[in-house]
K.L.:
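Pasting a structure below so you can have a look.
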Number of protein chains: 2
Amino acid sequence: MPKGSASTIVDIARELGVAPSTVSRALKDHPFISQDTKDKVKKVAARLGYRRNTLAAGLRNSHSNIIGLIVPRISMYFQSAVITAIQNTIHSMGFELIVCQSNDSYKQETELVNVLYGSRVEGLIVSCTMYTTDFSHFKIFTDNQIPLVFYDRVPRNFPAHIIRGDDFEGGYMGGKHLLERGCKDIAFINGVLSCNLYQDRLEGLKSALKKAKVPLKKSRFFSHELTVANAEATCKKMFSRKPFPDGVFCANDTTAIVTLQYAKKAGIKVPQELKILGYSNDPRTEIISPALSSIEQFPAEMGEKTAKAMLDLIHTRNYPKKPVESVTPAKLIVRETT
Amino acid sequence: MPKGSASTIVDIARELGVAPSTVSRALKDHPFISQDTKDKVKKVAARLGYRRNTLAAGLRNSHSNIIGLIVPRISMYFQSAVITAIQNTIHSMGFELIVCQSNDSYKQETELVNVLYGSRVEGLIVSCTMYTTDFSHFKIFTDNQIPLVFYDRVPRNFPAHIIRGDDFEGGYMGGKHLLERGCKDIAFINGVLSCNLYQDRLEGLKSALKKAKVPLKKSRFFSHELTVANAEATCKKMFSRKPFPDGVFCANDTTAIVTLQYAKKAGIKVPQELKILGYSNDPRTEIISPALSSIEQFPAEMGEKTAKAMLDLIHTRNYPKKPVESVTPAKLIVRETT
DNA sequence: TACCTTTATGCAAACGTTTTCTTTCAAAAG
DNA sequence: CTTTTGAAAGAAAACGTTTGCATAAAGGTA
């Protein structure tokens, strides 16, 4: 057992009195190496505790077997569910995943793109910052023909594979559902409008309201980062004086949960006086009482699609000149708050 | 803008008529290079879109600037919270984190250890599989003097840094609390006993019960993977005939939530007839009604400690001969179920 | 002028693997 | 008995960066 120094192909070669090239070939079952030699090489390799240096191999072949992932935050339910699926799919194909968080900072995102490029990742998977509207920092990947796949928070009109949810439809279904439940005065608590998700959800909702000829009043529309603190502030404002809205559509579940808790505390009956609808179908929605209606986004499917798009791109090298979009449908999950 | 081929240090050198070594030094502000040359080099580097090939640099310096992380599952609340902290701390020191999931499979864990070793990661951070009792696959890291840090699910008696929660104390506090609330017949739904966490929580609980001279009856003790399905089966068994226990301590929150929901459905009044206590202080515990009492584990602190231990090890190269343990205290969070 | 520093740069080897191009050797074909 | 063929293995270059050592020019001192 070699302590302190890793053994290399050369060590094995020396020990057996063969050339390093022979060892290299033997280890990967090259057809022109005799079974006898292969056996000997493998035996010695095992004895010396040989492990292939992927760095050296990567340098030689100019690839790393590592796929980079940039994500705003790991700990959001939707994201961690997607990452799990991506990781498992990708790993089963012999790739590793290097996971980085942009923490929703545009600056960090651009830095990460450069760092991962420098690491010569085989491909890059990204869910953008909610503030990313300029996507030129990703050009270095397309310019150098390195596979690039976006999911969830994605650019419009960037020549890459785009795996996204049907946020327009989600917004539309949500609006339609609240209307069908009798809401006449709907409030919408949305994320920041620099992000495609929230643009689409808003457009979807507007479309549903327009069809029913119900307006979305300015005083009923809120747009900000969907944190607990912001949601609380918005609730305070929204319920500061009557009339209260009779339906609140929240663009994420955290906000919906805060709203529901606020309503309970304020003695507003849910769903009788107020209907609340969330987005993402976070596990918490099932558990809170009354259980929150929400929009399911199928993170596992999205993750798998994303990973498959990446692996496909790596194998076919079929780089798109235009955006190639794949839309995962959204699904309304009706529970007790509507 | 170079399309299809990345520019190297040699390209820059050729363009300026200097040696590659000069370029290399200029790019990292080596003191023996004149300001004039540095400026010129940096200008050309910027123009050519040069990005340092970390693979090549890593090969030369035999390090990769990448830290490996093996975790059973990304999507568990506690884990994703720890990972977030690790990732942010580590990244601020110029390292990247490569995140892998063992999916609680021992075989996958050993494979991942070898793959990450092959990638010449700078260090390895691990939270083990719940079934890992043989830790010899990690020896390759200690043998080759590569920093190794375990957290949460950790080995006993392995010469490495160990960052763990105070699970004995958690179990003890939980037991004491239920006793203080008047429970006489306490059930314990535990994880599998191959894992240090669950061993310690059990010992802690036993210790509290012993002090109060209350026995932990065999029929009140359950040990299995703490999934929703298993928890439901256990509830079914536990509440199949009277007398029911008057307190249930669950070694994770998912199980506590299932138990609470089962009790509600069965018309058992919580906390009057049955007190329920979870473990980990998952966000869901605050939201469910009645709100679940639980044991906080401070994942962010643990993550930061873990990352710092790793960075410290990388800098000082102070490899432990014996386990170096750091214990993060647990804290009882009393809510409505007890 | 000869010698020594100091400062700035170049040269070349090294990291470990892969792969192209040769070479060797034995057996089959002529 | 020579030539051809084919299998098996070796030699060497290459990937891009870093670094110890050598060198060169400029300036200072004796």
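Each chain gets a letter, A, B and so on, in the order its sequence line appears, and its residues count up from 1. All values below were derived from every heavy atom in this structure, side-chain atoms included, with hydrogens, water molecules and symmetry-related copies excluded.
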K.L.:
When every nucleotide of nucleotides 9-14 of chain D is labelled 5' to 3' by its protein contacts under 4.0 Å (heavy atoms), B for base, S for sugar-phosphate only, - for none, what sequence of letters results?
P.N.:
SBBBBB
K.L.:
Assign each of A/Thr54 and B/Gln35 to its nearest nucleotide of DNA chain C by heavy atoms, then name whichever residue's nucleotide is nearer the 5' end.
P.N.:
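Whichever sits nearer the 5' end wins; that is B/Gln35.
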K.L.:
Hey, does the side chain of B/Ser194 reach the backbone of B/Met130 with a donor-acceptor pair shorter than 3.5 angstrom?
P.N.:
yes
K.L.:
Shortest non-hydrogen contact from B/Glu325 to B/Arg164?
P.N.:
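Between these two residues, the closest heavy atoms are OE1-NE, 2.9 Å.
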K.L.:
Does a sphere of radius 6.0 Å around CG in A/Asn157 hold more than 12 heavy atoms from other residues, nucleotides or ligands, not counting ones at 6.0 Å or beyond?
P.N.:
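No, because the 6.0 Å sphere around CG of A/Asn157 holds 12 heavy atoms or fewer from other groups.
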K.L.:
Counting any heavy atom closer than 4.0 Å, what does A/Ser62 reach on the DNA or RNA strands: base, sugar-phosphate only, or nothing?
P.N.:
nothing
K.L.:
Is a side-chain donor-acceptor pair under 3.5 Å present for A/Gln79 with A/Ser127?
P.N.:
yes
K.L.:
Under a plain distance cut-off of 3.5 Å, with no hydrogens placed, do B/Asp134 and B/Ser136 share a side-chain donor-acceptor pair?
P.N.:
yes
K.L.:
Along DNA chain C, 5' to 3', what are the outermost nucleotides having an atom less than 4.0 Å from a heavy atom of chain B?
P.N.:
C/dA8 to C/dG16
K.L.:
Between A/Tyr50 and A/Arg52, do the side chains contain a donor N or O and an acceptor N or O under 3.5 Å apart?
P.N.:
no
K.L.:
For residues B/Thr132 and B/Glu109, is any side-chain donor paired with an opposing acceptor at under 3.5 Å?
P.N.:
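Yes, a side-chain donor-acceptor pair sits under 3.5 Å.
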K.L.:
Contact class for A/Ile9 vs. all strands (heavy atom < 4.0 Å): base, sugar-phosphate, or nothing?
P.N.:
sugar-phosphate
K.L.:
Less than 4.0 angstrom between a side-chain N/O of B/Lys28 and OP1 or OP2 of D/dT17, yes or no?
P.N.:
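No.
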K.L.:
Nearest whole Å is fine: how far is D/dT17 C1' from B/His30 NE2?
P.N.:
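Distance, rounded to whole Å: 14 Å.
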K.L.:
Tell me: CG of A/Leu55 to C1' of D/dT18, nearest whole Å?
P.N.:
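To the nearest whole Å, that distance equals 14 Å.
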K.L.:
Salt bridge check, A/Lys305 against A/Asp312: does any charged N sit closer than 4.0 Å to a carboxylate O?
P.N.:
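Salt bridge flag = no for A/Lys305 with A/Asp312.
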